[in-house]
Amino acid sequence: MATNKVVDLRSDTVTKPSEAMRATMARRPWLRGRDGVDDDVQRPGRYAYLQYELSMHGIKNNMGNLVSVLAHCDVRGSEVILVDDSHIHLYENGGVSTIGGVHPETVRNNADGTMDIDRIVSTIRPPGGGLYYPTTRLICLENTHGNSGGKCLSVEYTDKVGEIAKSHGLKLHIDGARIFNASVALGVPVDRLVKAADSVLVCMSKGLGAPVGSVIVGSKAFIDKAKILRKTGMRKVGVLCAAAHVAVRDTLGKLADDHRKAPVRLFLSQGLNKIEQFTVDSASVESNMVFLDIVDSRISCDKLCQVLGTHNVLSNPRSPKSVRLGLHYQISDTDVQYALTCFNKAVEELLKGSTEFEHLADTTTKNSYGH
Ligand SMILES: *Cc1c(COP(=O)(O)O)cnc(C)c1O
């Protein structure tokens, strides 16, 4: 059994760069990508599968969203409509408002990452709406939606939001940190899935295995603005671009394989569901995340995660009673089996009422729950 191996199920963000990626990064000439004149800005080609005019990489994901929102909302007094538990709204330091001066207007999540179309429409505040209001200029979607357990937004829904945006003179940005996961899970080519969007952010550092970095795509006019914004915070990004190229070349295919391993996710979610103290809605597992709810008052999420940790299985508390597990290509089938055994063991150990764990405190506060 893989006892001295750590099975890290906290998130797909824990993927480590491969040897090939490290070597390519190390070989990267030092000053390449210095002033945005290098291949950090691509013509269609390398990222042609997204079918946008230009792409730009060498930024971190948070920053990619921020740069995108600011590029679309470059008039002061702009407003962005987004889902209330989106990554941009919850986990990005409120950057769109604190740095960008863009007003966020949230619409409730329907538990699957979607906002009601009617609500989006009634939330839009057109220019010239009076002395009181900011002007809506942008709608953001997140696909897959992390806080809904990796749910995929369908192409029909995305197109519908795109139509609404267009008919109101707004732009649509997709936080597609995991857009390839959505594309593979839905069986829809990625360029079709994001067709309605004016810009898309794609994360290189989650399932694709780069240490840091993302790519944003859009029109030439959009990328021209984005390049200037990026320069405010980053330069000499060539080494990140090198990692991104290897991520796309080597890992993208593995991501698809990962999804073909649906039986493994099912094995995990059904296996966890068999443990009386847990429930997992297997039907809701659409991409690479599994949310586990604890239904036994004697077991807290923090203690469960800590005891799992003593067995070298790392997991992420989501709330006092729920754990998030993220699968990725560096987790093998054997790892999943091992993890499941450890979940069973951990429950047993915790229920023994063993004094051994009494010193483990519930230290996780609301604000420290991972994403
Ligand atoms: C992780 C993530 C980001 C930001 O990633 P960082 O690497 O922390 O910058 C943005 N959006 C979504 C949906 C994410 O999951």
Side-chain angles (χ1 to χ4, degrees), residues 1-18 61 87 91 144 146-147 149-150 177-178 181 203-212 251 254-255 258 261 264-275 277-280 285 287-294 296 299-351 354 356-371:
M1 217 173 264
T3 39
N4 46 26
K5 190 187 168 191
V6 173
V7 179
D8 195 341
L9 296 170
R10 286 174 298 173
S11 169
D12 50 3
T13 202
V14 302
T15 48
K16 296 189 181 67
S18 63
N61 308 299
H87 199 282
Y91 305 126
T144 64
N147 267 356
R178 299 187 179 90
N181 295 80
C203 178
M204 294 290 135
S205 64
K206 297 231 163 103
L208 291 182
V212 65
T251 323
K254 291 186 188 144
L255 195 78
D258 225 30
K261 283 199 287 188
V264 177
R265 282 180 286 143
L266 211 60
F267 171 81
L268 180 65
S269 55
Q270 288 180 345
L272 290 169
N273 218 0
K274 279 195 200 124
I275 303 175
Q277 289 72 23
F278 300 153
T279 56
V280 178
V285 179
S287 57
N288 65 327
M289 283 184 210
V290 176
F291 281 6
L292 163 78
D293 291 320
I294 304 169
D296 188 311
I299 298 178
S300 79
C301 182
D302 285 338
K303 286 205 175 76
L304 176 65
C305 292
Q306 288 177 61
V307 174
L308 284 168
T310 66
H311 294 287
N312 284 346
V313 173
L314 308 184
S315 56
N316 217 352
R318 266 195 85 231
S319 75
K321 284 297 189 187
S322 123
V323 183
R324 190 187 74 165
L325 306 172
L327 296 171
H328 49 83
Y329 79 103
Q330 288 172 341
I331 298 283
S332 69
D333 299 4
T334 332
D335 291 341
V336 169
Q337 270 165 11
Y338 173 69
L340 196 51
T341 316
C342 293
F343 270 96
N344 276 289
K345 269 196 214 155
V347 167
E348 232 172 76
E349 288 169 23
L350 282 164
L351 288 186
S354 109
E356 200 186 326
F357 300 118
E358 268 169 13
H359 67 285
L360 298 180
D362 287 343
T363 50
T364 316
T365 62
K366 181 168 183 292
N367 289 333
S368 61
Y369 287 124
H371 48 101

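Hydrogens, waters and symmetry mates are skipped; everything else that's a heavy atom, side chains included, is used.
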State, with a plain yes or no, whether a side-chain heavy atom of [X] is found less than 4.5 Å away from one of [Y].
| X | Y | answer |
| --- | --- | --- |
| Leu268 | Leu327 | yes |
| Ile294 | Thr279 | no |
| Val290 | Leu9 | no |
| Glu349 | Lys303 | no |
| Ile331 | Val336 | yes |

Rounded to the nearest 0.5 Å, what separation is found between the NE2 atom of His311 and the NZ atom of Lys345?
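Between His311 NE2 and Lys345 NZ, I get 5.5 Å after rounding to 0.5 Å.
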How long is the span from the CG atom in Leu325 to the CZ atom in Arg318, to the nearest 0.5 Å?
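That separation rounds to 11.0 Å.
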Only counting residues at least two apart or in another chain, list the ones meeting side-chain contact (heavy atoms from CB on, under 4.5 Å) with [X].
| X | result |
| --- | --- |
| Leu308 | Leu304, Val313, Ser315, Cys342, Phe343, Ala346 |
| Thr144 | Cys152, Arg178, Asn181, Ala182, Ser287 |
| Val14 | Asp8, Arg10, His328 |

Compare every heavy atom of [Y] with every heavy atom of [X], then report the nearest pair and how far apart it is.
| X | Y | answer |
| --- | --- | --- |
| Tyr329 | Lys254 | CD1-CD, 3.5 Å |
| Cys301 | Val323 | SG-CG2, 3.6 Å |
| Cys203 | Leu208 | O-CD1, 3.8 Å |
| Ala339 | Val7 | CB-CG1, 4.5 Å |
| Val280 | Phe291 | CG1-O, 3.7 Å |
| Lys206 | Thr15 | O-OG1, 2.7 Å |

Under the side-chain hydrogen bond (donor to acceptor under 3.5 Å, both in side chains) test, residues paired with Ser269 that sit two or more places apart:
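Ser269: side-chain hydrogen bond (donor to acceptor under 3.5 Å, both in side chains) contacts with Ser282.
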Looking at residues at least two apart in the chain, or sitting in another chain, which of them share a side-chain hydrogen bond (donor to acceptor under 3.5 Å, both in side chains) with Ser205?
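Once residues adjacent in sequence are excluded, the partners of Ser205 under the side-chain hydrogen bond (donor to acceptor under 3.5 Å, both in side chains) criterion are Asn61.
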Sequence-distant partners of Asp293, salt bridge (Lys or Arg N to Asp or Glu O under 4.0 Å), two or more places apart
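If we apply the salt bridge (Lys or Arg N to Asp or Glu O under 4.0 Å) test to Asp293, skipping adjacent residues, there are no hits.
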Verify the distance criterion only: is there a donor paired with an acceptor across the side chains of Tyr91 and Asn147 at less than 3.5 Å?
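Short answer, yes.
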Between Lys321 (side chain only) and Asp296 (backbone N and O only), is there a donor and an acceptor less than 3.5 Å apart?
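Flag set: sc Lys321 to bb Asp296 pair under 3.5 Å.
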Stepwise side chain to side chain contact (heavy atoms under 4.5 Å, CB included) check, Asp333 with Phe267
CA-CA 10 Å; Asp333 299 4; Phe267 171 81; over 6 Å; no
Mind running side chain to side chain donor-acceptor pair (under 3.5 Å) on Ser332 and Asp335 for me, showing each step along the way?
CA-CA 5 Å; Ser332 69; Asp335 291 341; 3.3 Å; yes
Kindly indicate, with the supporting measurements, whether the criterion side chain to side chain contact (heavy atoms under 4.5 Å, CB included) is fulfilled by Tyr338 and Lys5.
CA-CA 10 Å; Tyr338 173 69; Lys5 190 187 168 191; over 6 Å; no
